[in-house]
Amino acid sequence: MQSDRSQPTSRRAGPLAGLKVVDLTHVMAGPTCTLMLADMGADVIKIEKSPNGDDTRHSVPPKIGDEAASFLMMNRNKRGIVLDLKTDGGKQVLRRLIATADVLVENFAPGAMERLGFGYEALHKQHPALIYCSLSGFGRTGPYKDRRGFDLVAQAMSGIMSFTGERPDGPPVKCGPPLSDITAGLLASMGILAAYTHRLKTGEGQWVETSLYEAALVQTYWQSTIALAAGTAPRAMGSAHPLNAPYQAFEASDGWLVVGGANKKHWLLMLEALGASELAGDPRFVNGADRMANLKELEAVLSERFRTKSRAHWLAALDEKGVPCGPVHDMLEALSDPQTLAREMVVEVEHSTLGPVKTIGLPVKFSETPGKVRTGAPVYGEHTSEVLAEYGFDQKQIEALEKEGAIVLASGRREERVA
C-alpha cells in the first residue's frame with residue numbers, strides 16, 4: 001500500500017499531520033501512546049532494537065501469515081526502522097532523527113537512555129523545543145523509581161486486584177485487559193498534546209512522564225473515594241457497583257445481560273419493565289442507600305425475575321422503557337456488533353506483505369480533520385532505507401551502516417527503498 005505521508009497536509013491527514021515523533025517504545029504502554037498519535041496523523045518512526053525487534057513480534061500465537069498479530073495491532077500507521085543504539089552508527093542515525101523531531105517517546109528501563117547518551121537533560125540542552133515523553137513502571141521519582149514494572153504488578157499494587165472478582169473472600173483477580181498499560185499510553189498521549197499546546201504558545205519543550213502504577217491508580221476513583229472517605233478498603237463485588245444499585249449483570253433464561261437501574265428514575269422504569277412495580281414500596285429498596293445496604297437481597301429478588309424469560313425479551317422491555325442495558329458479549333460478538341461496525345471500530349488496513357488485515361479503529365472522531373488507519377504495521381526493518389534516505393544518508397552510507405551492524409534492512413526490499 002502506498003503511504004500518504006509524503007502528501008501535503010490536508011483535512012484528510014488527521015489533526016496531527018506534520019508532527020514528527022521518534023518512537024523508542026516497545027510492547028504495550030509506549031506503543032499505545034504512539035499509536036494514538038499516529039492514528040491522528042503524526043509521522044511516527046518506530047525504532048526497533050537489533051536483534052529480534054519489539055518483544056510483541058514474539059508474542060505468539062496467534063500469527064497472521066509470518067507476523068505476530070499482537071505486533072500488527074499495536075503498530076499500524078507507523079514507519080519501522082531497526083537500529084543498534086550500542087553502535088556509533090546507530091547513535092548517529094538517532095541523533096539525526098531527533099534533530100528535527102517534535103516528540104521523542106521512550107519506555108526503556110530506568111537509566112538506560114542516560115547511559116546511551118539520550119537522557120532528557122542532555123537532549124533538552126541541544127533541542128530545547130523537543131517534547132520528551134517517558135513511560136515507566138513507577139515514575140521517575142519516589143522510592144520505587146528504579147523498579148521494573150508490568151501491568152500485573154501495577155494492578156496488584158494499586159489495589160485493583162483486591163476488589164476485582166466474584167466475592168469479598170475470594171482470591172485476587174487481575175482485570176482481563178492490560179488496563180494499566182493501555183491507560184498509561186493514553187495518559188502519555190494526552191500529556192504530549194498538552195505539552196505541544198504549551199510549546200505552540202511559548203516555543204518551550206519539556207519532559208512528560210507517567211507510569212503504569214499511576215495509570216492503574218486513576219482507574220480506582222470510586223474505590224479510592226470510599227477508602228479515603230470511609231477508611232475502609234472496598235472488596236470484590238462481582239459485577240456490582242460499589243456506590244449504586246442495581247448496576248450489574250443478571251442471568252436471563254438463555255444468557256447474561258447488564259442493567260443500570262441505579263438512580264430513582266431508572267429504578268422505577270426497570271421495575272415496570274420487569275413487571276415488579278410492587279418492589280418500589282419495599283422498605284429495603286426505597287432509595288439508593290437502602291438498595292446498597294440490602295444488595296444481596298436485591299440481587300436475589302431480581303435474579304429470580306430475570307431467569308424467567310430470555311435475554312432478548314428483557315433487553316427489548318428495558319430498552320422500550322429507556323433503561324440502560326445491554327447483552328454481555330464475548331469478543332467475537334463485540335467486534336461484529338452493528339454499532340462497532342457503524343463507528344468504524346473494526347477496519348481493514350493493507351499490510352505490505354499480508355494484504356488486508358483487520359484491526360481496531362480510531363476511537364476519537366474529528367469533524368474537520370479525521371484520523372485514519374492508513375498503513376499496516378511495518379515488517380522488521382521495512383522503512384530503514386526509506387527513512388535514512390529521507391534524513392540525508394546516501395546509499396553508500398546506508399550500506400556502511402548495515403555492514404557495521406548499526407541498522408537492519410527488511411529482507412528482499414532493500415533495493416526498492418534505497419533507490
Side-chain angles (χ1 to χ4, degrees), residues 1-6 21 23-39 42-84 107 176-178 181-182 185 330-337 340-341 344-363 371-390 398 402 405 407-419:
M1 180 177 179
Q2 181 65 38
S3 170
D4 66 0
R5 289 184 175 90
S6 61
V21 179
D23 179 2
L24 286 162
T25 70
H26 55 280
V27 187
M28 190 71 175
T32 297
C33 169
T34 54
L35 178 69
M36 293 295 105
L37 302 178
D39 283 359
D43 180 14
V44 175
I45 299 175
K46 180 179 178 66
I47 298 171
E48 295 188 68
K49 63 185 177 183
S50 175
N52 301 323
D54 192 315
D55 289 347
T56 53
R57 288 195 181 275
H58 313 288
S59 296
V60 293
K63 280 188 172 185
I64 301 176
D66 294 330
E67 300 291 325
S70 55
F71 182 85
L72 297 177
M73 178 63 74
M74 301 310 303
N75 294 287
R76 82 286 178 95
N77 277 349
K78 304 174 187 179
R79 291 195 287 174
I81 72 173
V82 179
L83 298 181
D84 184 347
N107 64 342
D181 280 324
I182 295 170
D330 65 27
M331 279 313 307
L332 290 175
E333 291 170 329
L335 294 172
S336 61
D337 189 283
T340 303
L341 303 179
E344 297 184 324
M345 284 307 295
V346 173
V347 296
E348 279 195 343
V349 61
E350 192 74 17
H351 186 271
S352 60
T353 63
L354 301 175
V357 174
K358 287 185 178 180
T359 188
I360 294 292
L362 177 64
K372 184 180 180 182
V373 182
R374 304 177 303 276
T375 59
V379 300
Y380 190 58
E382 178 172 348
H383 302 101
T384 303
S385 290
E386 174 188 303
V387 170
L388 265 61
E390 186 179 303
I398 292 173
E402 183 182 23
I407 65 172
V408 173
L409 309 179
S411 176
R413 296 173 59 86
R414 173 180 164 182
E415 294 80 6
E416 174 187 340
R417 284 192 300 277
V418 173

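Since the structure is predicted, the reported quantities are computational estimates derived from the model, not experimental observations. Note: hydrogens, waters and symmetry copies are ignored here, and every other heavy atom, side chains too, is used.
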So T25 and I47, side-chain contact (heavy atoms from CB on, under 4.5 Å) or not? Walk me through it. CA-CA 8 Å; T25 70; I47 298 171; over 6 Å; no
Nearest heavy-atom neighbours spanning [X] and [Y]:
{"X": "V408", "Y": "S50", "result": "CG2-OG, 3.6 Å"}
{"X": "S59", "Y": "A68", "result": "O-CB, 4.2 Å"}
{"X": "V349", "Y": "G376", "result": "CG2-N, 3.4 Å"}
{"X": "G361", "Y": "V347", "result": "CA-CG2, 4.2 Å"}
{"X": "N52", "Y": "Y380", "result": "N-OH, 3.5 Å"}

Are [X] and [Y] close enough that some pair of their side-chain heavy atoms sits under 4.5 Å apart?
{"X": "L354", "Y": "L72", "result": "yes"}
{"X": "I407", "Y": "I81", "result": "no"}
{"X": "V379", "Y": "E67", "result": "yes"}
{"X": "L335", "Y": "E333", "result": "no"}

With a 4.0 Å cut-off, would you call R374 and E350 a salt bridge?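 Here R374 does not pair with E350 in a salt bridge, since their nearest N and O are not under 4.0 Å apart.
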Could R76 and D39 be called an ion pair, given the rule that one side-chain N must be under 4.0 Å from one carboxylate O?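 Yes, R76 and D39 are salt-bridged.
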Does E344 have more than 12 heavy atoms from other residues, nucleotides or ligands lying within 6.0 Å of its CD?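 Open.
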Is the number of heavy atoms from other residues, nucleotides or ligands under 6.0 Å of D330 CG greater than 12?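 Yes, because the 6.0 Å sphere around CG of D330 holds more than 12 heavy atoms from other groups.
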Just to verify, what does D181 make a salt bridge (Lys or Arg N to Asp or Glu O under 4.0 Å) with, not counting sequence neighbours?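 For D181 there are no salt bridge (Lys or Arg N to Asp or Glu O under 4.0 Å) partners, ignoring immediate neighbours.
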With R79, the salt bridge (Lys or Arg N to Asp or Glu O under 4.0 Å) member among E382, E48, E386: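 One option only clears the test, and that one is E386.
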Check: residues 26-37 side-chain donor-acceptor pairs under 3.5 Å, at least two apart:
from, atom 1, to, atom 2, distance (Å)
H26, ND1, N107, OD1, 3.1
T32, OG1, M28, O, 2.7
T34, OG1, D23, OD2, 2.8
T34, OG1, G30, O, 3.4
T34, OG1, P31, O, 3.3
T34, OG1, K78, NZ, 2.8

State whether a side-chain donor-acceptor pair under 3.5 Å links S385 with H383.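 Result is no, nothing qualifies.
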